[in-house]
Protein chains: 2
Amino acid sequence: MESENIYTAIAAKLRQQIMQGEFKDGAVFPSESELTKRFQVTRTTVRHALELLVNEGLLSKSQGRRNRVQIRKITKTTWNFASFSEGMRSAHEIPVSKVCKAQIIAADDGSYFNLVRLRGIKRIAGIQFMTYEDTKVPLSLFPQIDRFDFSVVSLYETMRKEYGIYPFKGESQIFAVLADEFLAKSFAVTEGYPLVKAVQSIFDREGRLVEKVSIVYAPELIIKLTQDAGH
Amino acid sequence: MESENIYTAIAAKLRQQIMQGEFKDGAVFPSESELTKRFQVTRTTVRHALELLVNEGLLSKSQGRRNRVQIRKITKTTWNFASFSEGMRSAHEIPVSKVCKAQIIAADDGSYFNLVRLRGIKRIAGIQFMTYEDTKVPLSLFPQIDRFDFSVVSLYETMRKEYGIYPFKGESQIFAVLADEFLAKSFAVTEGYPLVKAVQSIFDREGRLVEKVSIVYAPELIIKLTQDAGH
DNA sequence: AAGTGGTCTAGACCACCAT
DNA sequence: TGGTGGTCTAGACCACTTA
């Protein structure tokens, strides 16, 4: 498991410790001088390693303060439901998830766990669904993942905590579709109403396919994207 | 125009030279040792400055070879038409642009140049339009920009070359809409066909609003997005 | 006041590329 | 083979936060 460079090796070791929960999310990180002693290198090399972790969204820095573990979510936008439900939770709304289908399916390239969910929020007036998600995850990477109840637990959290696999990069295609009877009923719109649908493939850092997902968004849901030229 | 750090100041100076075309796109960049002499700093500091430019997508590096100026486009996807038309050009298709409206409008926050275009490609069978774009650019940043003929010249290129302003960051909202009579005719679909519409605000590095644009995409146009967790 | 991270120096050796 | 960028050392001083 050796890497060519010292700093990549150090980053790999620290990343592993973060992933395995040895350094917990939000906790203070060992100081740079501690790390120089531990790894027997100069501070420059330690900082080079830490820079990688910062760029990966695992570590947050600010001058004078101790470095902290901060696991950044895959997007900062309402692009996937995860961040959306977090926003709702803070606004005193309760996220709900209704499993429509949870089964193992066979494809050309192996077996997949297929999870179909309606997701939304619970309000006084009743449940309002915001997305319809059809997810496929490869069983080769996530053996026995069908034993979890995803109406209760988060899929991404399960991937991270139970399997140590971390979504890193996503590719999406966007379409417009017309609401069919089921979607119209679920989203409380008329049949034929135009809806946004996204088909995504999510990969981890090693480039392995982690998830194939198709999402139809309710019209209330404002889909925001942020893109940079660089950085 | 002084910055607090030496490396930020050096990066700012080099960035300016790249933007102003002193170092042209694709050309070799001064070597790191040359830059240490020019700015009278160590190589570490020069490299710190260059790292910023690499992250901004202005510079490309590889070991042993000279650093090169490489101006990365705002997206690598079919997200805006620019990259799409570039792809088409290489496939021996001719991009076309039909100006529907080009006028100055007044808003609460100043005057804007409003440009509405149908854009697409010319084929043997005829012209096929792929996007309908409604663009508004502030006259405060781009005085007399209405003198250009944007059926011929690129809007982004004009911003860059004539005004030295460089699109950096974009925020988008995505909707689904139904084709009205005009769009149906332009895109050769039936009225009521579902289409993807994006409303974008584009900012430059200083955070100034450079462009407000709404784009409706033809159904043939596959909209691809790539997103990373970090880096 | 002590400790932390941010910046910067002045070197060194190496891997890689072009000639 | 000479020059380039990549890595790394062993220091130093500063800005900032925390106690």
Side-chain angles (χ1 to χ4, degrees), chain A residues 1-15 17-18 22-72 230-231, chain B residues 1-15 17-18 22-72 230-231:
Chain A
M1 287 297 169
E2 302 290 310
S3 298
E4 290 176 30
N5 314 324
I6 300 177
Y7 74 87
T8 343
I10 292 175
K13 179 64 186 163
L14 294 173
R15 187 185 303 118
Q17 290 188 277
I18 293 171
E22 246 173 280
F23 302 132
K24 281 167 198 161
D25 195 4
V28 294
F29 208 65
S31 76
E32 295 178 357
S33 58
E34 279 172 61
L35 293 173
T36 62
K37 286 170 201 157
R38 171 171 162 198
F39 292 109
Q40 291 295 309
V41 293
T42 35
R43 215 173 124 222
T44 310
T45 308
V46 165
R47 283 177 64 78
H48 201 160
L50 295 186
E51 195 196 334
L52 295 183
L53 300 182
V54 169
N55 284 336
E56 288 167 16
L58 293 174
L59 202 63
S60 90
K61 303 181 141 218
S62 74
Q63 198 176 42
R65 271 196 284 263
R66 292 287 292 265
N67 295 330
R68 281 179 178 276
V69 179
Q70 188 173 57
I71 299 175
R72 204 196 300 159
H231 178 61
Chain B
M1 286 297 172
E2 302 290 308
S3 299
E4 290 176 30
N5 314 326
I6 300 177
Y7 74 87
T8 342
I10 292 175
K13 179 66 187 162
L14 294 173
R15 188 185 301 119
Q17 290 189 279
I18 293 170
E22 247 174 278
F23 301 131
K24 281 168 200 161
D25 195 4
V28 293
F29 207 64
S31 76
E32 295 178 356
S33 59
E34 278 172 62
L35 293 174
T36 61
K37 285 171 201 156
R38 172 172 161 196
F39 292 108
Q40 291 297 307
V41 291
T42 32
R43 216 175 122 218
T44 310
T45 308
V46 165
R47 283 177 64 79
H48 201 161
L50 295 185
E51 195 197 334
L52 295 182
L53 300 181
V54 169
N55 284 335
E56 288 166 17
L58 291 174
L59 201 64
S60 88
K61 302 182 141 216
S62 73
Q63 197 177 43
R65 270 195 287 262
R66 292 288 291 265
N67 295 331
R68 281 180 179 276
V69 178
Q70 189 173 55
I71 299 175
R72 206 195 296 159
H231 182 60

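So that the names make sense, note that chain A is the first sequence line, chain B the second, and so on, each numbered from 1.
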> Salt bridge or not between A:Glu22 and A:Lys13? Use side-chain N to carboxylate O under 4.0 Å.
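Salt bridge flag = no for A:Lys13 with A:Glu22.
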
> Tell me the interatomic distance from B:Glu32, atom CD, to C:dC17, atom C1', rounded to whole angstroms.
15 Å

> Below the 4.0 Å mark, does D:dG5 have OP1 or OP2 next to a side-chain nitrogen or oxygen of B:Ser62?
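No, B:Ser62 has no side-chain N/O under 4.0 Å of OP1/OP2 on D:dG5.
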
> Would you mind reading off the distance between A:Arg68 atom CZ and C:dT4 atom P, rounded to a whole angstrom?
14 Å

> Hey, does the side chain of A:Thr45 come within less than 4.0 Å of D:dT9's phosphate (OP1/OP2), counting only N and O?
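The answer is yes; a side-chain N or O of A:Thr45 sits under 4.0 Å from OP1 or OP2.
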
> Nearest-Å distance, CD (A:Gln63) to C1' (D:dC14)?
8 Å

> Examine C:dG6: is either OP1 or OP2 under 4.0 Å from a nitrogen or oxygen in the side chain of A:Arg47? Give yes or no.
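For C:dG6, OP1 or OP2 has a side-chain N or O of A:Arg47 closer than 4.0 Å.
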
> Nearest of D:dG6, C:dT7, C:dT4 to any side-chain atom of A:Arg43?
C:dT7

> Phosphate oxygens OP1/OP2 of D:dG5: is one of them under 4.0 Å from a side-chain N or O of B:Asn67?
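Indeed, a polar side-chain atom of B:Asn67 lies that close.
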
> Taking C-beta and beyond as the side chain, do A:Ile18 and A:Phe29 meet within less than 4.5 Å on heavy atoms?
yes

> First locate atom OG1 of A:Thr42, then atom CD of A:Glu32, and finally report the distance between them rounded to the nearest 0.5 Å.
11.5 Å

> Which class fits the ring pair B:His48 and B:Tyr7: parallel under 30°, tilted 30 to 60°, perpendicular over 60°?
parallel

> Looking across every strand, which nucleic acid part, if any, lies under 4.0 Å from A:Ser31 by heavy atom: base, sugar-phosphate, or nothing?
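Sugar-phosphate only.
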
> Using the closest heavy atom to pick a nucleotide of DNA chain D for each, name whichever of A:Thr44 or B:Ser33 lands nearer the 5' end.
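With A:Thr44 and B:Ser33 compared, the 5'-side residue is B:Ser33.
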
> B:Arg65 has an atom CZ; how far is it from atom P of C:dA18, in whole Å?
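Rounded to the whole Å, the gap is 5 Å.
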
> Starting at NE2 of A:His48 and ending at P of D:dG6, how long is that distance when rounded to a whole Å?
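Atom-to-atom, A:His48 to D:dG6, this comes out as 9 Å.
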
> Is A:Leu35 close to A:Leu14 at the side-chain level, that is, under 4.5 Å between some pair of heavy atoms?
yes

> Write down the distance between CD1 (B:Ile6) and P (C:dG6), rounded to a whole number of angstrom.
17 Å

> How close or far is atom P of D:dA19 from atom CZ of A:Arg66, stated in whole angstroms?
11 Å

> If you find the nucleotide of DNA chain C closest to B:Val41 and the one closest to A:Glu34, which residue's nucleotide is nearer the 5' end?
A:Glu34

> When the distance from CG of B:Asn5 to P of D:dC16 is rounded to whole Å, what number comes out?
11 Å

> At less than 4.0 Å, is any side-chain N or O atom of B:Tyr7 found next to OP1 or OP2 of C:dT7? Yes or no.
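Indeed, a polar side-chain atom of B:Tyr7 lies that close.
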
